[in-house]
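So the structure is just underneath, and the comments pick up after that.
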Amino acid sequence: MSQLKLLRSHWPFLVLLVLVSLVLLVRLDRSPAPWYDEGLNINAAQTFAETGQYGLRSGSELRRADPAIQTGPPLIVLLAALDRSFDGSMALMRLPSVIFGLLLLLGFYRLVFRLYGDFAAFMACLGLVLLPGESTVNFVFLSRQVMGEIFALVCLVVGLRILMYSGVHLNAIRALFVGIFWAVAIMLKSQVLLVLTVTCVLIGLYHFLRRSDDWLRWMLIGVVMVGSYLLDMIWQIRMAGPLFGPNSAVLRDGILIHILPMRALQTLTEPDALIRIGAMLAPLLVMIFIRRRIEPSQGSPGEIRTETFTWLFVVVWAVWFGVVSIGWRRYAFVGQVIGLIPLAFLIDYLWRRLRLPQTQWVYAGLLVTGVVAGGILYAPRITDQSGDHFFEAVNYINQELPRSSRIVSWEWSASYFTRQEFQFPHTQDVNALTRAAFLSQSAEAKFDPLAGCPQYILLGSFDLDRTIFQPALDIAQPEPLFEAGQYKIYAIPSERLQLDTTTGQCRVADT
């Protein structure tokens with residue numbers, strides 16, 4: 001009877017959970033269309049499943065522990081296990097993201113419910129589901145892709161939930177488990193590694209300066225996080241073998257481009273970035289004012305500790321995103337999600353101050369509003385045909401091109417569904433093009449699309465492929481063999497290429 005009563009009291013969230021479950025499964029393999037980062041993860045999982053090596057496969061080359069794999073071994077190993085156990089499909093690869101997306105929604109609700117009650121928790125989850133933005137910056141579509149943000153957020157939220165259970169002083173056993181979950185989070189996303197580590201260090205220093213025993217517990221959390229991350233790095237170094245040196249150079253370059261480019265002047269003049277930073281900081285600053293002047297923090301010491309940690313985490317994330325990082329919209333996502341916690345508090349506080357009702361009819365109205373808004377926001381994207389075009393290209397390759405064909409492309413996902421030999425640009429080429437395009441720094445990609453004697457070119461969702469494959473396009477047949485949406489396949493006549501017996505690479509034949 002008590003369980004039934006509990007279900008009745010949380011029925012709005014349960015209805016929301018069921019609706020989100022349905023939305024996440026509709027056309028899961030087709031929307032959004034597989035793209036570059038997702039393809040890297042899938043290729044790495046398939047490579048690990050088939051060879052036992054952590055890396056990327058390009059043609060006959062195995063790029064061991066390639067720095068382009070940014071989601072980390074926990075996710076790759078899970079996907080590899082699925083690939084070994086079942087026939088490969090895009091829906092299968094994306095299904096763990098769906099499951100963890102629902103777990104995130106459930107964990108997020110319980111976290112905010114414990115902090116501020118059921119209405120704030122429901123509003124936080126409704127806001128999470130309706131978080132606007134393109135497919136790489138909102139909850140629904142990131143839960144439909146093979147990416148690391150959702151998985152990292154689940155580990156982060158579970159850690160916050162454990163943190164909440166401690167008493168006046170942080171419990172050592174609970175600190176150990178917090179460290180374990182957060183260690184997995186930082187393995188999954190490099191952005192989380194930076195911000196979460198800085199936040200823990202600042203909290204630990206605060207307790208140390210106050211001469212509180214809690215600094216030892218925070219040190220324990222840090223030791224577990226750093227120790228686990230170092231073990232992960234050692235494993236990857238062993239996997240890389242002789243490629244460790246080149247990989248380290250590429251990784252350093254990638255960090256300076258994406259994580260630490262100090263691009264504040266550009267980012268802080270972009271309206272979209274300012275809106276995202278404001279969405280993180282404005283509710284938080286108002287909440288801090290309310291807590292200090294009007295309604296002091298209430299609840300157990302663990303709840304106050306969790307609330308304080310959340311404040312600092314959001315501030316550090318906003319500063320990193322706006323001042324330090326390259327400022328891509330996707331890099332704001334984790335901070336925006338955690339930033340929904342102070343926003344939910346603020347909504348609940350204003351709702352109570354205005355003495356607005358929180359009846360069953362109010363919840364029903366909010367659900368209906370959410371369904372309408374969700375339909376407007378997601379229906380056009382879920383029914384978009386880009387994913388269908390991708391699989392049309394894959395089917396054409398499987399049916400019309402010989403299995404011995406060599407295809408130069410940037411569509412990593414396509415290699416998962418075909419057995420032709422795909423040749424991909426190197427990660428340093430991506431760094432060079434990104435540096436030139438977003439940081440206004442001179443850099444040229446060194447990839448030679450003709451070196452591997454390709455017979456076909458597959459162009460797709462990555463706009464930069466038209467640039468890096470231009471030498472191959474210049475000698476390809478002018479009309480594509482296949483075209484569907486943004487996907488095109490061109491044939492390269494064999495007589496246009498000449499093998500250099502000295503280097504073993506192809507070049508344009510003399511005419």
Give a yes or no on whether R381 atom CZ has more than 12 heavy-atom contacts from other residues, nucleotides or ligands under 6.0 Å away. yes

Checking K446 against H426 for the side chain to side chain contact (heavy atoms under 4.5 Å, CB included) test, could you report, in this order, the C-alpha distance in whole Å, the side-chain angles of both residues, the deciding distance, and whether it holds? CA-CA 9 Å; K446 298 179 180 179; H426 289 81; over 6 Å; no

Among W410, F424, W412, ring-ring contact (aromatic ring centres under 6.0 Å, His included) partner for F462: W410

Separation of I69 CD1 from Q236 CD (nearest 0.5 Å): 7.5 Å

Give the minimum heavy-atom separation between N431 and I257, together with the two atoms involved. O-CD1, 3.3 Å

Y206 atom OH, neighbour heavy-atom count above 12 within 6.0 Å: no

For Y331, is there any backbone N or O sitting under 3.5 Å from a side-chain donor or acceptor partner on W317? yes

Do the ring planes of F208 and W215 sit parallel (below 30°), tilted (30 to 60°) or perpendicular (above 60°)? perpendicular

Is the shortest side-chain N to carboxylate O distance from R291 to E295 below 4.0 Å? yes

Without hydrogens or angle criteria, can the side chains of E307 and S297 be said to hold a donor-acceptor pair below 3.5 Å? yes

Do Q358 and D348 come within less than 4.5 Å of each other through their side chains, counting heavy atoms only? yes

Audit row: V112, F345, side chain to side chain contact (heavy atoms under 4.5 Å, CB included) steps and yes/no: CA-CA 9 Å; V112 182; F345 164 83; over 6 Å; no

Is it true that a side-chain atom of S300 and a backbone atom of E303 form a donor plus acceptor pair closer than 3.5 Å? yes

Any sub-3.5 Å donor-acceptor pair from S415's side-chain atoms to E411's backbone N or O? no

Which atom of R144 lies closest to which atom of L25, heavy atoms considered: NH1-N, 4.1 Å

Around F177, counting heavy atoms of other residues, nucleotides and ligands shown, do more than 12 lie under 6.0 Å from its CZ? no

Does any non-hydrogen side-chain atom of L160 lie less than 4.5 Å from one of M164? no

For L285, look at atom CG and say whether over 12 heavy atoms of other residues, nucleotides or ligands are found less than 6.0 Å away. yes

Between CG on residue L343 and CD on residue Q336, distance to nearest 0.5 Å: 11.0 Å

Can you name the nearest heavy-atom pair linking V224 to I180, along with the distance? CG1-N, 3.6 Å

Is it true that a side-chain atom of N247 and a backbone atom of P67 form a donor plus acceptor pair closer than 3.5 Å? no

R94 (side chain) donor-acceptor with L28 (main chain) under 3.5 angstrom: yes

Can any side-chain N or O of N41 pair as donor or acceptor with the backbone N or O of V146 at less than 3.5 Å? yes

If you count every heavy atom of other residues, nucleotides or ligands that lies below 6.0 Å from R238 atom CZ, does the total exceed 12? no

Hey, can you tell me if F141 and Y378 have their rings parallel, tilted or perpendicular (30° and 60° cut-offs)? tilted

Please examine the side chains of L153 and F139, heavy atoms only from C-beta on, and report whether any two atoms are closer than 4.5 Å. no

May I ask you to decide if L170's main-chain N or O and R217's side chain share a donor-acceptor pair within less than 3.5 Å? yes

Is any side-chain heavy atom of I221 closer than 4.5 Å to a side-chain heavy atom of I203? no

Do Q191 and W320 have side-chain atoms, one donor and one acceptor, less than 3.5 Å apart? no

In terms of heavy-atom contacts, P342 and T310 come closest through CD-CG2, 4.4 Å

Would you say D118's side chain and H10's backbone share a donor-acceptor pair under 3.5 angstrom? no

So, does Q428 use its side chain to make a donor-acceptor pair with the main chain of V250 at under 3.5 Å? no

Under 4.5 Å between any side-chain heavy atoms of D83 and L79, yes or no? no

Please report the interatomic distance CG(D66) to CG(L243), rounded to the nearest 0.5 Å. 9.0 Å

Calculate, to the nearest 0.5 Å, the distance between atoms CZ and CD1 belonging to F181 and I162 respectively. 5.0 Å

Taking all non-hydrogen atoms of both residues, which atom of G39 and which atom of S413 are closest, and how far apart? CA-OG, 3.1 Å

Will you find, in the side chains of Q53 and T47, an N or O donor that is under 3.5 Å from an N or O acceptor? no

How many angstroms lie between CE in M187 and CG in D232, if you round to the nearest 0.5 Å? 5.0 Å

Could you tell me the separation between the CG atom of L220 and the CG atom of D214, rounded to the nearest 0.5 Å? 11.5 Å

Side chain to side chain contact (heavy atoms under 4.5 Å, CB included) between W218 and C200, intermediate numbers included: CA-CA 7 Å; W218 284 102; C200 289; 4.2 Å; yes

E270 bridged to R263 by N-O distance under 4.0 Å: yes

Hey, are the side chains of L106 and F13 touching, using non-hydrogen atoms and a 4.5 Å cut-off? yes

For the residue pair W182 and F309, is the inter-centroid distance of their aromatic rings smaller than 6.0 Å? yes

Could you tell me which non-hydrogen atom of F151 sits nearest to which non-hydrogen atom of S97, and how far apart they are? CE1-OG, 3.4 Å

Derivation and outcome, side chain to side chain contact (heavy atoms under 4.5 Å, CB included), residues M90 and Y416: CA-CA 9 Å; M90 200 67 206; Y416 182 72; 5.8 Å; no

Hey, does the Lys NZ or Arg CZ of R330 hover above the aromatic six-ring of F333, less than 6.0 Å from the centre and inside 45° of the axis? no

Residue pair M225 / Y229, side-chain heavy-atom distance below 4.5 Å: no

Quick one: are T308 and R305 in side-chain contact, heavy atoms under 4.5 Å? no

Whether R64 side chain and G55 backbone form a donor-acceptor pair below 3.5 Å: no

